[in-house]
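Data first, discussion second: the structure below is written as C-alpha cells.
The sequence lines fix the lettering, A, B, ..., with proteins before strands; numbering per chain opens at 1.
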There are 2 protein chains.
Amino acid sequence: MGTTKSDEFSLRDNHIAEYAKALSSPARIAILRILMKRETCMCGDIVEQIPLSQSTVSQHLRELKNAAIIKGSIDGPKICYYIDAENWGAMRKTFKKFFKGFDPE
Amino acid sequence: MGTTKSDEFSLRDNHIAEYAKALSSPARIAILRILMKRETCMCGDIVEQIPLSQSTVSQHLRELKNAAIIKGSIDGPKICYYIDAENWGAMRKTFKKFFKGFDPE
DNA sequence: TTTATTTATCGCAAAAATACGATGACTATA
DNA sequence: TATAGTCATCGTATTTTTGCGATAAATAAA
C-alpha cells in the first residue's frame with residue numbers, strides 16, 4: 001500500500017484534500033506569499049528568495065500549477081508565474097464552506 | 001534528502017503547512033465531517049462509516065490529534081473523539097488570514 | 001552562428017505517508 | 001477470574017514526497 005484510497009471517498013472530500021495537499025509544504029506557502037506581493041513572478045527571482053535549488057522550486061511551481069492555484073505565461077525565455085485569481089477565490093470558498101460545517105456556539 | 005527543510009522557513013509558514021497537511025487526506029476530511037455532525041464520536045462508529053481498517057482510522061485520528069484539531073476523552077473502554085472548538089477557530093482564522101493576503105479586485 | 005539565460009525534466013536517494021494484519025493494553029461484564 | 005469489547009501500537013510493504021545535481025530545451029543576445 002502507500003496509496004491514498006481516493007476512489008472510496010467523495011469528490012468533494014478529495015477536492016478539499018487536494019487543495020490542502022498543495023498548501024501542505026512551507027516551501028509552497030512561501031512561494032505563494034512571494035507571488036501574493038506581485039513584485040515579481042519569475043522562477044529565478046523566486047529561487048533567490050527561497051533556500052532551495054532551482055529544480056526543487058520548479059517542482060513546487062509545477063505542483064501549484066497542477067492544483068490550479070497558479071498559472072504561468074511565457075515571456076521570452078522566462079516564465080511569469082502568477083496566482084490564478086479565479087481559482088484562488090474558489091479555493092477560499094471551498095475552505096470557508098468546509099470550516100463553516102463545524103460552528104461551535 | 002526526502003525531508004522538508006522546515007528550519008529554513010518561517011514559523012508562520014510552517015504552521016499553515018502543518019494545518020494543511022492534516023487536511024490533505026480525504027480520509028481525514030471524511031472523519032472530520034463525521035465529527036462535525038456530533039452524532040457519534042467513538043472510533044468504532046467512525047470505522048463503520050469509513051472504508052478503512054480500524055488501525056488506519058486510528059492512525060488518522062492520531063494525526064488529527066497531533067495537529068490539535070481534535071481531542072479524545074476516555075469513556076470506559078471507549079474513547080470519545082470530538083473537534084477541539086478552540087483550535088478549530090484558530091485554524092479557521094489562520095487560513096482566512098492567509099487567503100486574505102491575496103485580494104484580487 | 002555561437003553564447004548566455006532561463007526553466008523544465010530526468011535520474012537518483014532518502015524520508016515520510018498510507019494502509020493493513022497482528023498483537024497488546026485496558027475496561028466492563030459474565 | 002475469565003471473556004468480550006474497544007482502541008493504540010508494532011511491524012511491514014508500497015507509494016509518494018522532498019530535494020539535489022545534471023542535463024535538455026528554448027529564447028535572446030553577441
Notebook entry, point to check: Given atom CD1 of Ile50(A) and atom P of dC20(D), what is their separation to the nearest angstrom?
Noted result: 11 Å
Checklist line | ILVMFWY cluster, Met36(A) and Ile34(A) together (side-chain gap under 4.5 Å) | finding: yes
Checklist line | Enclosure of Glu86(A) CD (heavy-atom neighbours >12, cutoff 6.0 Å) | finding: no
Item checked: Check: Ser55(A)/Ser53(A) side-chain N/O donor and acceptor closer than 3.5 Å -> yes
Margin query: In the structure I gave you, are the side-chain heavy atoms of Lys5(B) and Pro51(A) within less than 4.5 Å of one another anywhere?
Written below: no
Next item on the list: Can you figure out which of dA22(D), dT18(D), dT6(C) approaches the side chain of Pro77(A) most closely?
Entry: dT6(C)
Do any N or O atoms of the protein come closer than 3.5 Å to N or O atoms of nucleotides 14-16 of chain C, and which pairs are they?
{"unit_1": "dA14(C)", "atom_1": "O4'", "unit_2": "Met1(B)", "atom_2": "N", "d": "3.2"}
{"unit_1": "dA14(C)", "atom_1": "O4'", "unit_2": "Met1(B)", "atom_2": "O", "d": "3.1"}
{"unit_1": "dA14(C)", "atom_1": "N3", "unit_2": "Met1(B)", "atom_2": "O", "d": "3.1"}
{"unit_1": "dA15(C)", "atom_1": "O4'", "unit_2": "Met1(B)", "atom_2": "O", "d": "3.2"}

Checklist line | Gln54(B) CD to dG5(D) P, straight-line distance once rounded to whole Å | finding: 14 Å
Item checked: Listed nucleotide nearest any side-chain atom of Arg28(B), set dA22(C), dT18(C), dT7(C) -> dT18(C)
Check: Under a 4.5 Å cut-off applied to non-hydrogen side-chain atoms, are Thr4(B) and Pro26(A) in contact?
Finding: yes
Item checked: Aromatic plane relationship, Phe99(A) with Phe95(B) - under 30° parallel, 30 to 60° tilted, over 60° perpendicular -> tilted
Check: Is there any salt bridge (Lys or Arg N to Asp or Glu O under 4.0 Å) pair reaching into residues 62-72 of chain A, and which pairs are they, with sequence neighbours excluded?
Finding: Arg28(A)-Glu63(A), Lys71(A)-Asp84(A)
Note to self: Salt bridge check, Arg92(A) against Asp103(B): does any charged N sit closer than 4.0 Å to a carboxylate O?
What the structure shows: yes
Checklist line | Between dA19(C) (C1') and Ile31(B) (CD1): distance, integer Å | finding: 13 Å
Next item on the list: Measure distances between side-chain N and O atoms of Ser55(A) and base N and O atoms of dG21(D), and say whether any donor-acceptor pair falls under 3.5 Å.
Entry: yes
Check: dT6(C) P sits how many Å from Met42(A) CE, rounded?
Finding: 5 Å
Margin query: Could you measure the distance from the CD1 atom of Ile29(B) to the OH atom of Tyr19(A)? Nearest 0.5 Å is fine.
Written below: 13.0 Å
Notebook entry, point to check: Rounded to whole angstroms, how far apart are CG on Leu52(B) and C1' on dC7(D)?
Noted result: 16 Å
Next item on the list: Could you tell me the separation between the CG atom of Leu23(B) and the P atom of dT18(C), rounded to a whole number of Å?
Entry: 12 Å
Margin query: For Phe9(A) and Asp45(A), find the nucleotide of DNA chain C closest to each by heavy atoms; which residue's nucleotide sits nearer the 5' end?
Written below: Asp45(A)
Check: Quick one, which residues of residues 56-76 of chain A touch DNA chain D with a heavy atom under 4.0 Å?
Finding: Thr56(A), Gln59(A), His60(A), Glu63(A), Gly76(A)
